[in-house]
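Inspection log for the structure reproduced underneath, given as structure tokens.
Below, chains carry the letters A, B, ... as their sequence lines are ordered, and counting in each starts from 1. In this text the structure is predicted, and so the values were computed from the model without any measurement.
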2 protein chains.
Amino acid sequence: MAKQEKPDWNGCPTRYAAGIVGDKWCFLLLRDVLLHGKRTYREFLGSPEGISTNILANRLAKLETLGMLTREPDPRKASSVCYFPTKKARDFLPALISMMVWATRYDEVTEAPASFAKSFGEDPKGTIAWYETEIDRVDQALRAG
Amino acid sequence: MAKQEKPDWNGCPTRYAAGIVGDKWCFLLLRDVLLHGKRTYREFLGSPEGISTNILANRLAKLETLGMLTREPDPRKASSVCYFPTKKARDFLPALISMMVWATRYDEVTEAPASFAKSFGEDPKGTIAWYETEIDRVDQALRAG
DNA sequence: CCAGAATACTTGCAAAATGCAAGTGGAGTT
DNA sequence: AACTCCACTTGCATTTTGCAAGTATTCTGG
């Protein structure tokens, strides 16, 4: 009557994060949504990494399924679609910024100014709040039509 | 005489991070090294996600190339090998913990106790210092032979 | 109202990455 | 000398990716 050992695939928070962020394209899409104010398919396609159209469609669907994005018609134009970050995605901001701070330190060709890491180190909450405000600005402008 | 536009593949810190962490297996190996004190091939193989041997070898080499791990003979046994986290890897701890805090909030079957996120929220530096101490303990014990 | 452009995808296919099982080679142990 | 343990490597079938082309719906200008 030994208790069934299930393969330990649930429960580990790192593994949970890896399931979402442990994919280059999902990771970069989150950057585009959270940091660069991108919301449409066309904007995502325009990112310098050059994601291909089928992969983009696949990852947008994945991120929607995972509760990171919501897919809504563009109020400005019915033929267009917007992907908005959910609260779950916005709450990922501190982790994303943490990774940027780390990368800024170790990527010798980084574009990010040293002041970025410094300001986050001095006032993490303020830095995050600033990005949240930017997200609100973009989304409110869009939803207003 | 237009200046050559290079495809903007360098410089973005998020992209730099994505190049390392935007891979499920690298991500989980960093967890094993930084959080679970694993150092040998055999220990990594034992993780519940079940990485296969060729992929493990490939990712260990990748992480070594990226300066996240150093490969050294095991002082206890010359036929064995240890992978130690570099400073660059250790400096990734805050980001990793940030992601765990986020995952703990959104993974409804998380194993992590609520107290974990709470203690990190109240004293992030202390939490990170605690993990650093653990890493030192493991590595010093190993290197002592 | 209609031709052409724009947007958000889908499809097909070749190339690359992955997962699995089995094998290799060297050191330690009996 | 035989056996075991460890850290990989190899071969091969399956899956995922990247690229190019195509489709359906919605604007836009004349």
Side-chain angles (χ1 to χ4, degrees), chain A residues 7-9 15 18-29 32-33 37-66 68-85 138 142-143 145, chain B residues 7-9 15 18-29 32-33 37-66 68-85 138 142-143 145:
Chain A
D8 186 16
W9 249 104
R15 188 192 302 132
I20 298 178
V21 166
D23 173 277
K24 178 182 139 193
W25 293 121
C26 286
F27 196 112
L28 293 170
L29 286 174
D32 285 349
V33 162
K38 300 192 179 184
R39 296 291 181 270
T40 70
Y41 194 90
R42 190 114 319 239
E43 286 172 328
F44 297 132
L45 264 189
S47 289
E49 291 84 12
I51 190 171
S52 51
T53 59
N54 53 347
I55 303 296
L56 175 55
N58 177 277
R59 294 305 194 280
L60 288 172
K62 181 183 170 186
L63 288 171
E64 202 191 347
T65 299
L66 290 169
M68 301 291 280
L69 300 176
T70 60
R71 184 183 184 280
E72 300 172 31
D74 190 329
R76 300 165 302 185
K77 211 184 187 189
S79 74
S80 192
V81 171
C82 286
Y83 292 89
F84 293 104
V138 170
L142 262 178
R143 295 211 225 247
Chain B
D8 185 16
W9 251 104
R15 187 193 303 133
I20 298 178
V21 167
D23 173 277
K24 180 182 136 192
W25 294 121
C26 286
F27 196 113
L28 293 171
L29 286 174
D32 285 348
V33 162
K38 299 191 180 184
R39 296 291 180 272
T40 70
Y41 194 89
R42 193 121 310 251
E43 286 171 328
F44 298 132
L45 265 188
S47 289
E49 292 83 12
I51 190 171
S52 50
T53 59
N54 53 347
I55 302 298
L56 176 55
N58 176 276
R59 294 306 195 278
L60 287 172
K62 181 183 170 185
L63 288 171
E64 202 191 345
T65 300
L66 290 168
M68 301 291 280
L69 301 176
T70 60
R71 184 183 184 280
E72 301 173 29
D74 189 330
R76 300 165 302 185
K77 208 182 181 190
S79 72
S80 192
V81 171
C82 286
Y83 292 89
F84 293 105
V138 170
L142 261 178
R143 294 209 225 249

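Going from atom CG of A:L45 over to atom C1' of C:dT7 covers 10 Å, rounded to whole Å. C:dT10 atom C1' lies 9 Å from atom OH of A:Y41, rounded to whole Å. Per the geometry, CZ belonging to A:F44 stands 10 Å off P belonging to C:dA8, to the nearest Å.
Residues that satisfy the salt bridge (Lys or Arg N to Asp or Glu O under 4.0 Å) test with A:R71, not counting sequence neighbours, are absent from this structure. Scored by the side-chain hydrogen bond (donor to acceptor under 3.5 Å, both in side chains) test, A:N54 finds A:S52 as partners (sequence neighbours excluded). A:S80 is linked by a side chain to side chain contact (heavy atoms under 4.5 Å, CB included) to A:T40, A:D74, A:K77, counting only residues two or more places apart in sequence or in another chain. In terms of the side chain to side chain contact (heavy atoms under 4.5 Å, CB included) criterion, residue partners of B:T53 (sequence neighbours excluded) are, by chain and number, B:Y41, B:L45. Shown here are the salt bridge (Lys or Arg N to Asp or Glu O under 4.0 Å) partners of A:E43, two or more places apart in sequence or in another chain: there are none. Applying the salt bridge (Lys or Arg N to Asp or Glu O under 4.0 Å) test to A:R42 and every residue at least two apart in sequence or in another chain returns nothing. The side-chain hydrogen bond (donor to acceptor under 3.5 Å, both in side chains) test applied to B:T70 returns B:E72, not counting sequence neighbours.
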Distances for protein N/O vs nucleotides 25-30 of chain C N/O pairs under 3.5 angstrom?
none

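Interface limits on DNA chain D: the 5'-most and 3'-most nucleotides within less than 4.0 Å of chain B heavy atoms are D:dC6 to D:dG11.
A:R71 comes within contact range of the sugar-phosphate backbone alone, with a heavy-atom separation under 4.0 Å but no base atom that close.
Here the closest heavy-atom approach between residue B:R143 and residue B:F84 is recorded as NH1-CD1, 3.4 Å. Closest non-hydrogen pair, A:P85 versus A:L69, comes out as CA-CD2, 4.0 Å.
Contact check, A:Y83 against C:dC9: a side-chain N or O comes under 4.0 Å of OP1 or OP2.
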Annotated protein contacts, base or backbone, on nucleotides 13-20 of chain C with a non-hydrogen cut-off under 4.0 Å, one of B, S, - each: -----SBB

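Listed by first and then second residue, the salt bridge (Lys or Arg N to Asp or Glu O under 4.0 Å) pairs that reach into residues 51-65 of chain A are A:D23-A:R59, sequence neighbours excluded.
With rounding to the nearest 0.5 angstrom, the CH2 atom of B:W25 is 10.0 Å from the CG atom of B:D32.
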